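Sequence positions, counted from 1, serve as the residue numbers for this chain. Side chains included, hydrogens not; waters and symmetry mates left out as well; all remaining heavy atoms used. In this text the structure is predicted, and so the values were computed from the model without any measurement.
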Amino acid sequence: CSQCGWYFHYRRHSSCDYINFLVILQKEPSCYTSTSTFFERSIPMHAILPDFLFVLIALFCVTSIAVFTTTIYLHRALAHDSIRIISEGFERFLYRVVLITTGLDRGEWTALHRKHHTFTDKEGDPHSPYVLGFWKVQLFNVYYYVRAAKTPGIVKRFAPDISSRWGDSTALRGFRGLTIGIAILILAGVSFSLSRGNSAGYGVFLGLLVVAAHAFLYVFVISPSINGLCHWRGVKRFPDIPAFNNRLLGWLVAGEGLHNNHHKYPRSPKFSIFRGDFDPAWPIINLLAKAKLIVIAGEIGVPETVAYP
């Protein structure tokens, strides 16, 4: 009825254990002569908190794994050869983790990144905000990545060495690897839900919620922030070098925010150079080197001519 309206009233108990959602259907006098309660339900706050924490913890874990494997394996090991993986089993493991958490093909990713360094912020750069526009890269980075990856012969031209590496897995490429990753998160959600006495269907919902949040963060926040924002604004410690440093972003994306440093020393396995810089991936790289899973091949960058002391 066009004369009827919904009103939501919130009443908190003095114990703070419950929030009552009181839905009142209020009818105009011309329609009915009284106000009636349509639906009333209490939801315990302490019952929702563990589910919220599960989603946050699962999201943090899967996104962190995706970010660290991308920067250590795809970026530093494959694209720039700043570290070399000497364990065949470890390389197989890393590539499968990449496929399951991101779905990225290592040959395409390496080729596009090497092309980016060849034509940095010039015509031919697959994702330069100066060539394409900042907001186009920031919002539609995934489109430009897919478009560039489909260029005939790009892998053969820029990454011919990748096909001969250990651990190639055609069985997990594309959506097949992602399907396994989605299944793992759904299984985790179902296990958590059942352990709390909830339904399996609710666990599927929790798992898919983590999947959606991870996809949004990785595809629409993290990757375009590195390709777009770090080439648009920030601190330029090496004034004659493209890209900018963003220390806060560096903390959040495993050192990739220190982009001006990286473009100055592309083969440096450590992105932090100046006092106050921090590369979260560097301690992990050191641990992997001590475990004899990798060797450090590139020279670490030093602060030569800088814009600020």
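- Using a 4.5 Å heavy-atom cutoff, the side chains of Asn261 and Tyr265 are not in contact.
- With hydrogens and angles disregarded, no donor-acceptor distance shorter than 3.5 Å links the side chain of Ser223 to the backbone of Val219.
- Thr71 places no side-chain N or O within 3.5 Å of a backbone atom of Phe68 that could act as its donor or acceptor partner.
- Counting all heavy atoms, side chain and backbone alike, Pro126 lies closest to Leu112 at CG-O, 3.8 Å.
- Judged by distance alone, the side chains of Tyr218 and Thr70 do bring a donor and an acceptor atom under 3.5 Å apart.
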Give the C-alpha distance, both sets of side-chain angles, the deciding distance and a yes or no for side-chain contact (heavy atoms from CB on, under 4.5 Å) between Arg196 and Asp51.
CA-CA 9 Å; Arg196 303 227 342 121; Asp51 302 346; 3.8 Å; yes

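- When all heavy atoms are compared, the tightest approach of Gly301 to Ser268 is N-OG, 3.2 Å.
- Summarising the geometry, atom CD1 belonging to Ile300 is positioned 12.5 Å from atom CZ belonging to Arg267; distances are rounded to the nearest 0.5 Å.
- Residues Asp277 and Lys270 are not paired through a salt bridge, judged by the lack of any N-O separation under 4.0 Å between the basic side chain and the carboxylate.
- For the pair Tyr73/Tyr95, a side-chain contact is recorded, criterion being any heavy-atom separation below 4.5 Å from C-beta on.
- Put simply, CG on Asp240 and NZ on Lys264 are 5.5 Å apart, with the number rounded to the nearest 0.5 Å.
- Cation-pi check for Arg237 over Phe274 is met; the charged atom lies under 6.0 angstrom from the ring centroid and within 45 degrees of its normal.
- No path of Ile, Leu, Val, Met, Phe, Trp and Tyr side chains, each step under 4.5 Å between heavy atoms, connects Val142 with Leu229, placing them in separate hydrophobic clusters.
- Side-chain atoms of Phe238 and His263, non-hydrogen and from C-beta on, never get closer than 4.5 Å to each other.
- The backbone N or O of Pro129 lies less than 3.5 Å from no partner atom in the side chain of Lys136, so there is not a single donor-acceptor pair.
- The other residues sharing a hydrophobic cluster with Trp251 are Phe278, where clustering joins ILVMFWY side chains under 4.5 Å apart.
- At least one side-chain heavy atom of Ser272 sits less than 4.5 Å from a side-chain heavy atom of Leu258.
- The pair Arg247-Asp279 fails the salt-bridge criterion, with no side-chain N (NZ, NE, NH1 or NH2) lying under 4.0 Å from an Asp/Glu carboxylate O.
- A 4.5 Å side-chain heavy-atom check between Ile72 and Ile284 finds at least one atom pair inside the cut-off.
- In this structure the side chain of Val302 never reaches within 4.5 angstrom of the side chain of Ile273, judged on heavy atoms.
- Hydrophobic cluster membership differs between Ile222 and Phe271, with clusters built from Ile, Leu, Val, Met, Phe, Trp and Tyr side chains linked at under 4.5 angstrom.
- With hydrogens and angles ignored, the 3.5 Å screen pairs a side-chain donor or acceptor of Thr120 with a backbone N or O of His117.
- Here the closest heavy-atom approach between residue Leu206 and residue Val55 is recorded as CD2-CG2, 4.0 Å.
- For the side chain to side chain donor-acceptor pair (under 3.5 Å) test, residues two or more places apart in sequence or in another chain that qualify with Thr63 are His214.
- The closest donor-acceptor contact from the side chain of Ser193 to the backbone of Gly189 lies at 3.5 Å or more, if one exists at all.
- When all heavy atoms of Pro280 and Gly250 are compared, the pair lying nearest together is CD-O, 3.6 Å.
- For Phe134, the ring-ring contact (aromatic ring centres under 6.0 Å, His included) partners at least two apart in sequence or on another chain are Trp232.
- In this structure, Asp125 does not pair ionically with Lys115, as no charged nitrogen and carboxylate oxygen lie closer than 4.0 Å.
- A salt bridge links Arg106 with Glu91; the closest basic N to acidic carboxylate O contact falls under 4.0 Å.
- Here CD1 of Ile296 is found 9.5 Å from CG of Leu288. Values are rounded to the nearest 0.5 Å.
- Of the inter-residue distances, the one linking Thr102 atom OG1 with Leu74 atom CG reads 6.5 Å to the nearest 0.5 angstrom.
- The two atoms that bring Ile100 and Gly181 nearest to each other are CG2-CA, 3.3 Å, heavy atoms only.
- Every residue was checked against the side chain to side chain donor-acceptor pair (under 3.5 Å) condition with Arg233, not counting sequence neighbours, and none meets it.
- The environment of CZ in Phe140 is sparse: at most 12 heavy-atom neighbours from other residues, nucleotides or ligands sit within 6.0 Å.
- Other residues, nucleotides and ligands contribute at most 12 non-hydrogen atoms within 6.0 Å of the CZ atom of Phe60.
- Ile154 and Val146 fall within the same hydrophobic cluster, defined by Ile, Leu, Val, Met, Phe, Trp and Tyr side-chain heavy atoms under 4.5 Å apart, directly or through other members.
- Across Arg114 and Ala159, no two heavy atoms sit closer than the pair NH1-CA, 3.5 Å.
- In this structure, Pro269 and Trp282 have side chains that are in contact, with non-hydrogen atoms separated by less than 4.5 Å.
- Applying the ring pair (Phe, Tyr, Trp, His ring centres under 6.0 Å) test to every pair with at least one member in residues 188-211, sequence neighbours left out, gives these pairs: Phe54-Phe192.
- Listed for the Arg84 side chain is no donor-acceptor partner under 3.5 Å among the backbone atoms of Val295.
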Test side-chain contact (heavy atoms from CB on, under 4.5 Å) on His75 and Trp109 and set out the steps.
CA-CA 9 Å; His75 194 184; Trp109 196 98; 3.7 Å; yes

For Leu194 and Asn198, run side-chain contact (heavy atoms from CB on, under 4.5 Å): C-alpha distance rounded to whole Å, both residues' side-chain angles, the deciding distance at 0.1 Å, then the answer.
CA-CA 5 Å; Leu194 293 177; Asn198 296 321; over 6 Å; no

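- Within the 3.5 Å criterion, the main-chain N or O of Ser128 finds no donor-acceptor partner in the side chain of Asp121.
- Put simply, the side chain of Ser225 does not reach to within 4.5 Å of the side chain of Val253, judged on heavy atoms.
- Under a 3.5 Å cut-off, the side chain of Arg76 and the backbone N or O of Ile83 do not form any donor-acceptor pair.
- His80 contributes no side-chain N or O that, together with a main-chain N or O of Ala77, makes up a donor-acceptor pair within less than 3.5 Å.
- Of the possible donor and acceptor atoms, one in the side chain of Lys236 sits under 3.5 Å from a partner among the backbone N and O of Ile241.
- Side-chain atoms of His262 and Glu256 include no donor-acceptor pair closer than 3.5 Å.
- Of the inter-residue distances, the one linking Ser82 atom OG with Glu299 atom CD reads 12.0 Å to the nearest 0.5 angstrom.
- Between the side chains of Asn227 and Asn141, at least one donor N or O lies within less than 3.5 Å of an accepting N or O.
- Considering CG of Asn260 and CG of Asn246, their distance stands at 12.0 Å, rounded to 0.5 Å.
- Follow the hydrophobic side-chain contacts under 4.5 Å out from Phe119 and you reach Val155 in the same cluster.
- By the criterion of side-chain heavy atoms lying less than 4.5 angstrom apart, applied directly or through intervening Ile, Leu, Val, Met, Phe, Trp or Tyr residues, Ile162 is grouped together with Leu94 in one hydrophobic cluster.
- With sequence neighbours left out, the ring-ring contact (aromatic ring centres under 6.0 Å, His included) criterion links His127 to His116.
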For Val204 and Val190: C-alpha separation, side-chain torsions, deciding distance, then whether side-chain contact (heavy atoms from CB on, under 4.5 Å) applies.
CA-CA 6 Å; Val204 172; Val190 169; 3.7 Å; yes

